[in-house]
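All heavy atoms count here, side chains included; hydrogens, waters and symmetry mates do not.
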Amino acid sequence: MTSSEDSLHEQRVDLSQYSTGGYDPGPTWKRGLWILISGMFFEVFFPWPSAMKAAILRAFGASVGDDVVIKPQVKIKYPWFLEIGDYSWIGEWAWIDNVAAVTLLDNVVISQGAHLLTGNHDYKSSRFELIAQPIRVETSGWVAARAVVGPGVTIGELAVLTAGSVAGKDLAARGIYRGNPAVLLRERVLES
């Protein structure tokens with residue numbers, strides 16, 4: 001082996017040493033019960049009423065406002081790390097992978113197939129430690145279909161992340177963002 005091959009070999013990730021850094025998502029029984037309930041009422045095609053789903057989320061510790069719409073086939077990792085404001089919508093196949101807090105304020109739209117991902121890993125560490133950072137979507141923010149929001153991102157009031165775009169940094173209020181990484185296109189102006 002050359003010295004550069006030796007150096008590369010020494011710098012491998014060792015997943016047997018993986019660490020969550022003390023992260024605790026809650027008791028095993030609660031996570032297990034949520035997997036069962038989620039599989040019956042959230043991750044299915046059957047259109048259970050949104051009010052019923054909101055009540056289930058509240059029973060598991062989520063804060064859910066009035067008249068929230070939750071479509072079929074939505075996946076939520078841990079409801080006890082979720083806050084949804086009044087009149088917000090979550091579309092089909094949305095995935096809220098909330099190992100940290102996800103806060104959706106009033107009138108927020110999370111469209112079909114959008115992913116909100118609060119967890120990542122330290123790519124500089126051979127132990128691949130978990131990094132969990134919250135996501136916040138301010139009032140009237142919109143995460144369009146198949147868009148991805150990364151850990152630690154805040155989407156400002158009235159901001160839009162367009163379809164298929166990826167946000168790894170905060171999006172300013174009223175901005176319309178597109179691409180990977182998402183870049184500002186123009187200001188969002190409501191007509192009425």
Side-chain angles (χ1 to χ4, degrees), residues 15-16 18-122 128-137 141-155 161 163-168 180:
L15 295 178
S16 71
Y18 172 72
S19 168
T20 61
Y23 173 77
D24 181 10
T28 303
W29 70 265
K30 188 175 186 180
R31 289 181 280 142
L33 182 59
W34 171 247
I35 289 168
L36 178 67
I37 296 298
S38 181
M40 292 170 47
F41 297 103
F42 288 82
E43 299 176 43
V44 295
F45 183 74
F46 188 81
W48 294 105
S50 291
M52 184 183 79
K53 292 183 209 178
I56 292 169
L57 287 173
R58 287 184 195 105
F60 275 89
S63 173
V64 182
D66 295 331
D67 296 317
V68 168
V69 174
I70 303 169
K71 295 290 193 168
Q73 297 182 306
V74 169
K75 185 169 183 160
I76 298 168
K77 184 87 163 193
Y78 300 130
W80 45 95
F81 295 147
L82 181 62
E83 179 180 344
I84 307 171
D86 298 337
Y87 311 107
S88 291
W89 297 353
I90 301 174
E92 292 91 343
W93 309 291
W95 181 21
I96 300 176
D97 189 17
N98 58 332
V99 296
V102 167
T103 303
L104 312 175
L105 296 184
D106 298 340
N107 298 295
V108 164
V109 176
I110 307 299
S111 289
Q112 300 86 341
H115 289 189
L116 278 60
L117 310 173
T118 62
N120 202 348
H121 297 275
D122 184 354
F128 208 54
E129 284 103 344
L130 175 67
I131 299 170
Q133 297 175 304
I135 290 174
R136 181 178 178 89
V137 183
W142 178 15
V143 178
R146 297 190 181 268
V148 176
V149 179
V153 171
T154 294
I155 296 179
L161 181 62
S165 297
V166 178
N180 181 7

Return the minimal non-hydrogen interatomic distance between A163 and A144, and the atom names on each side. N-CB, 3.4 Å
Using the test ring-ring contact (aromatic ring centres under 6.0 Å, His included), find all partners of W89 that sit at least two apart in sequence or belong to another chain. none
Between V74 and G91 the two heavy atoms that sit nearest each other are CG2-O, 3.4 Å
Can you tell me how far apart CZ (R58) and CD1 (I84) are? Round to the nearest 0.5 Å. 9.0 Å
P134 to A100 - nearest heavy-atom pair and separation: N-CB, 3.8 Å
Rounded to the nearest 0.5 Å, what separates atom CH2 in W142 from atom CD1 in I155? 12.5 Å
Considering non-hydrogen atoms only, spot the tightest contact between M52 and F41 and give its length. CE-CD2, 3.5 Å
Pick from V64, V109, V68, I110: which one makes a side-chain contact (heavy atoms from CB on, under 4.5 Å) with L104? I110
Y23 side chain vs V99 backbone, donor-acceptor pair below 3.5 Å: yes
What one should report as the nearest heavy-atom pair of G152 and Q133 is N-CB, 3.4 Å
Which one of V149, T154, V153 satisfies the side-chain contact (heavy atoms from CB on, under 4.5 Å) criterion with R136? T154
The reported gap from CG in D86 to CG in D106 (rounded to nearest 0.5 angstrom) is 4.5 Å
Just how far is it from atom CG of N107 to atom CG of D67, taken to the nearest 0.5 Å? 10.5 Å
Is there a side-chain contact between R31 and W80 (heavy atoms, below 4.5 Å)? yes
Any side-chain heavy atom of H115 within less than 4.5 Å of one from V143? no
Taking R146 for its side chain and S111 for its backbone only, find out whether a donor-acceptor pair lies under 3.5 Å. no
Considering all heavy atoms of both residues, which atom of A147 and which atom of L161 are nearest to each other, and what is their separation? CB-CD2, 3.7 Å
Rounded distance [0.5 Å steps], NZ in K77 versus CD1 in I35: 8.0 Å
Is there a side-chain contact (heavy atoms from CB on, under 4.5 Å) between I96 and I90 once you walk through the steps? CA-CA 10 Å; I96 300 176; I90 301 174; 3.9 Å; yes
Does I131 reach the side chain of H121, with side-chain heavy atoms less than 4.5 Å apart? no
Can you confirm whether more than 12 heavy atoms, excluding those of F45, are under 6.0 Å from its CZ atom? no
Please tell me if the side chains of W48 and I70 come closer than 4.5 Å, counting only heavy atoms from C-beta onward. no
Over 12 foreign heavy atoms within 6.0 Å of NZ, K71: no
Give a yes or no on whether the backbone of V108 and the side-chain of S88 come within a donor-acceptor separation of less than 3.5 Å. yes
Working for side-chain contact (heavy atoms from CB on, under 4.5 Å), residues I76 and N98: CA-CA 7 Å; I76 298 168; N98 58 332; 4.0 Å; yes
ring-ring contact (aromatic ring centres under 6.0 Å, His included) with W34: which residues, sequence neighbours excluded? F42, F60
Evaluate the side-chain proximity of F81 to V102: yes if any heavy-atom separation is below 4.5 Å, no if none is. no
Measure the spacing between CG of N180 and OG of S165 and express it to the nearest 0.5 Å. 8.0 Å
